[in-house]
Amino acid sequence: MVVTPRRPDDSSLAYALLRITLGLNIFMHGTSRLLAGISNFVSGMIKMFQSTVLPTAVVVPFGYALPWLEAGLGFLIIVGFRTREALVAGALLMLALTFGTALRQDWDVAGVQLLYSAVYAALIAALRYNSLSVDQKPFARSEPRIK
């Protein structure tokens, strides 16, 4: 009889790697904007949306909130805490970003956002493989499997 420690299956590992990669990407979007100066980011957003119907009164608060939302959601997705809620919130955030991008008629960026949305959808659809996350307490001691 050989005793081997439990290890995740390949699907769970692949899910964790994709989840962590997306989380890191989103986290760094927010963190880099915060480190570069949030007012600079908001000023750039105001300029981008000047020629759209979106009023500055909507752009400014969204611009101040966006980096914090990205950093927070990215962190939750990286560690896998409240994963479903964080992924749904991230997908809804992408929906809002896509709306703004479509108003600006920046179809190249809209295409990239569609790719992010597809990754969010895939991760939500495959949540059953989210075993390597804080949600699932993967580091808790478990009984070894006997082969």
Nearest 0.5 Å, what's the [atom1]-[atom2] distance between [X] and [Y]?
X   : Y    : atom1 : atom2 : value
L73 : L92  : CG    : CG    : 10.0 Å
L87 : L76  : CG    : CG    : 9.5 Å
T83 : I78  : OG1   : CD1   : 11.5 Å
W68 : L34  : CH2   : CG    : 5.0 Å
M94 : T101 : CE    : OG1   : 7.5 Å
L18 : I77  : CG    : CD1   : 10.5 Å

Inset, instruction - Evaluate the side-chain proximity of T98 to L114: yes if any heavy-atom separation is below 4.5 Å, no if none is. - result: no

Legend entry - Any side-chain heavy-atom pair of L66 and L93 under 4.5 Å: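 Yes, their side chains come closer than 4.5 Å.
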
Legend entry - L123 backbone acceptor or donor facing Y15 side chain under 3.5 Å: yes

Inset, instruction - Please confirm whether the backbone N or O of A71 pairs with a side-chain atom of R33, one donor and one acceptor, at under 3.5 Å? - result: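 A pair under 3.5 Å: no.
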
Name every donor-acceptor pair, under 3.5 Å, that has one atom in a side chain of residues 41-62 and the other anywhere in the protein, sequence neighbours excluded.
from : atom 1 : to  : atom 2 : distance (Å)
S43  : OG     : S39 : O      : 2.9
T52  : OG1    : F49 : O      : 2.8
T52  : OG1    : L54 : N      : 3.2

Legend entry - F99 with V88, same ILVMFWY side-chain cluster at under 4.5 Å: yes

Inset, instruction - Consider only side-chain heavy atoms of I, L, V, M, F, W and Y, link residues closer than 4.5 Å, and tell whether I38 and I26 are in one cluster. - result: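 Yes, because I38 and I26 connect within a single hydrophobic cluster, where side-chain heavy atoms sit under 4.5 Å apart.
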
Inset, instruction - Sequence neighbours left out, what passes side-chain contact (heavy atoms from CB on, under 4.5 Å) with V112? Give chain and number order. - result: Y116

Inset, instruction - For R82, look at atom CZ and say whether over 12 heavy atoms of other residues, nucleotides or ligands are found less than 6.0 Å away. - result: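 No, the 6.0 Å shell around CZ holds no more than 12 heavy atoms from other groups.
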
Inset, instruction - Only counting residues at least two apart or in another chain, list the ones meeting salt bridge (charged side-chain N to carboxylate O under 4.0 Å, His left out) with R84. - result: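 So R84 forms no salt bridge (charged side-chain N to carboxylate O under 4.0 Å, His left out) with any residue.
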
